[in-house]
2 protein chains.
Amino acid sequence: MTSAPNLAIFRSYASKPNPITLPPSILLSHSETCLTVFDAFPKSIFHFLVIPRIQPPLSARHLTDLRSLLRCEKSTARKVLMNLNEEANNVKKMIEEEMMKMYKFKWEIWMGFHPISSMEHLHLHVLSADLYSPKMKSKKHYNSFHPSLGFFLHLKDVLSWFDAVPSYYQRMIKLDASQYQSLLKDGDLCCWQCDRALESMPKLKAHLQDEFGKLTTREKAKSERKRKRTDVPVSSVQAMVTDDERPEKVARLTPSRGDDSSDPTLDVDLLS
Amino acid sequence: MTSAPNLAIFRSYASKPNPITLPPSILLSHSETCLTVFDAFPKSIFHFLVIPRIQPPLSARHLTDLRSLLRCEKSTARKVLMNLNEEANNVKKMIEEEMMKMYKFKWEIWMGFHPISSMEHLHLHVLSADLYSPKMKSKKHYNSFHPSLGFFLHLKDVLSWFDAVPSYYQRMIKLDASQYQSLLKDGDLCCWQCDRALESMPKLKAHLQDEFGKLTTREKAKSERKRKRTDVPVSSVQAMVTDDERPEKVARLTPSRGDDSSDPTLDVDLLS
DNA sequence: TATTCCGATAGTGAC
DNA sequence: GTCACTATCGGAATGAG
């Protein structure tokens, strides 16, 4: 049984007068102007979508996607992006707190848009920099989040267009679909960290798992050195906490387990 | 573990001074000039390969495939084909006897060549006109045996080239590979009996099973009418024979069971 | 046009 | 560039005296 896709589901969220009516399994947080939902198919360990609420002076059609927003009056568009940025920064802080609770270290977080989307309402991706997830299945998935391929448009870059000369602004907001599409299909599968080309998705996923494993090893060594310097031992009680005993709150920001279970484990035990 | 392909295995059979050294699971019969083996991957209920033995004046390279044979001196080539034809007619009789034992009726038998082959020795396909087999898996398989698509070259047609005007003979024996290749890939999946196009191999296979079921139904009705006319009842003893009790000889010409078992059953019970 | 295995690719259906 | 399912297509390996 597959759940029915609803390409306008974000629009229905964005039009809710009271976002809190959304279940906590969908809604993470909201502000006057935005709401943040869990990505139903997270492509990283942490993956959220920040969505602009439908409010005057903008209607749903202005917020269909990034291109439609960027065709609005410039200061209006910028205001929407700034609101998304503010909410995304709050989400970033929540993720970083959770990273510390779950993994004992933080790593980078990306914020950005897809220039083309099947979902019919603008959404800003906020995701941890790992691309390590059971839901990462296709080349299209991967390349759409690769941080330097060109398809993933970092929010700070989009905002920088507004401060550039008008001709540059005009050129960038075109967002020609065909050029972006070719990025997803024609590009190789290159590790976003070491730039090595992988021959297939299974090999890429194994490599990403390996890279994340190395990250945890590095960070563990780093905190070990710090512990020795400061002579403050890690609490042995906290270190012994198991999955079963861990408070519910701890895993609240990470994907629920259970499906795609044959994929590589996303396990905190990589730390130990 | 996959069995090792040996693209020259037929050549090794063809060079044996005494074919009877081949195990009965491989060799069906032989003559002075030919031998007949079971097709290891039968694409019909009955499927054999008649192979010319390597004998003077021809060497292995003359018998690599149909094209190399047809580049030999014309009367020599014709002689090889006539020898294959004679052996194939004997095989046809054996199949028809087995059809009567197993199915209580006979159906058409095709004899023909593939203009392109991976196996490195000429082989004449002799197979029952059903294309109903668990080993029939791909479009390429199917179209290579479709009796009117053009890839399957009926022996009688090839022999007819020899009696045509020389210009026609010269044109036909070219056997241009690229043209024949496109037949397999570009053609639709059309039922060879009713010419209906099927959308996929699974649907084609279901249709072929249905067609064979209808054939058995027709033939059963026909023999029933005949029984009434002649008033000679079918032996109830023979009608009650089960798979377990059936003498070994009965199933000797049909594929062994056991692999590809999830495919549609090839069962005599279609008759009952 | 040997098979089989693996993986990428293409089309569809979902309400 | 929604997912998930089915099927097709495409390359590479296969063996080993």
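To find a chain, count down the sequence lines: A is the first, B the second, and so on, and within it residues start at 1.
If you look at A/His125 and A/Phe145, their ring centroids are closer than 6.0 Å.
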- prompt: For DNA chain D, what is the dot-bracket line, given that a base pair needs Watson-Crick (N1 to N3, plus N6-O4 or O6-N4) or G-U wobble (N1-O2 and O6-N3) geometry with both distances under 3.5 Å, and | means paired with another strand?
  reply: .|||||||||||||...
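A close approach under 4.0 Å does not occur between any side-chain nitrogen or oxygen of A/Lys205 and OP1 or OP2 of C/dG7. Of the side-chain N and O atoms in B/Lys43, one or more sit less than 4.0 angstrom from OP1 or OP2 of C/dT3. Considering only side-chain N and O atoms, A/Lys185 lies nowhere under 4.0 angstrom from the phosphate OP1 or OP2 of C/dT9.
Atom name P, nucleotides C/dC15 and D/dC5: the rounded distance is 13 Å, in whole Å.
When distances run from any side-chain atom of B/Lys135 to the nucleotides C/dT4, D/dA7, D/dA4, the shortest one goes to C/dT4. The side chain of B/Leu189 has D/dT8 as its nearest neighbour among C/dT3, C/dT4, D/dT8. Ranking D/dA7, D/dC3, C/dT4 by closeness to the B/Ser200 side chain, first place goes to D/dA7.
Checked against B/His207 for a side-chain hydrogen bond (donor to acceptor under 3.5 Å, both in side chains), the options B/Gln209, B/Lys203, B/Glu211 give a single hit: B/Glu211. Just one of A/His30, A/Glu87, A/His123 meets the side-chain hydrogen bond (donor to acceptor under 3.5 Å, both in side chains) condition when paired with A/Thr36; it is A/Glu87.
Between A/Leu198 atom CG and C/dC6 atom C1' the separation is 16 Å, expressed in whole Å.
Taking the nucleotide of DNA chain D with the nearest heavy atom to each of B/Met201 and A/Leu184, the more 5' of the two is matched to A/Leu184.
If you check every strand for non-hydrogen atoms under 4.0 Å, A/His141 touches sugar and phosphate atoms only. No engagement by A/Pro115 is indicated, since no non-hydrogen atom pair under 4.0 Å with the nucleic acid exists. Contact annotation for A/His114: no contact, since no heavy-atom pair falls under 4.0 Å across all strands.
Cation-pi contact between B/Lys43 and B/Tyr142: absent, since separation from the ring centre below 6.0 Å together with deviation from the ring axis within 45° is not met.
Inter-residue side-chain proximity for B/Leu127 and B/Phe152 is flagged as met; some heavy-atom pair is nearer than 4.5 Å.
Between the side chains of B/Asp157 and B/Ser160, not a single donor N or O lies within less than 3.5 Å of an accepting N or O.
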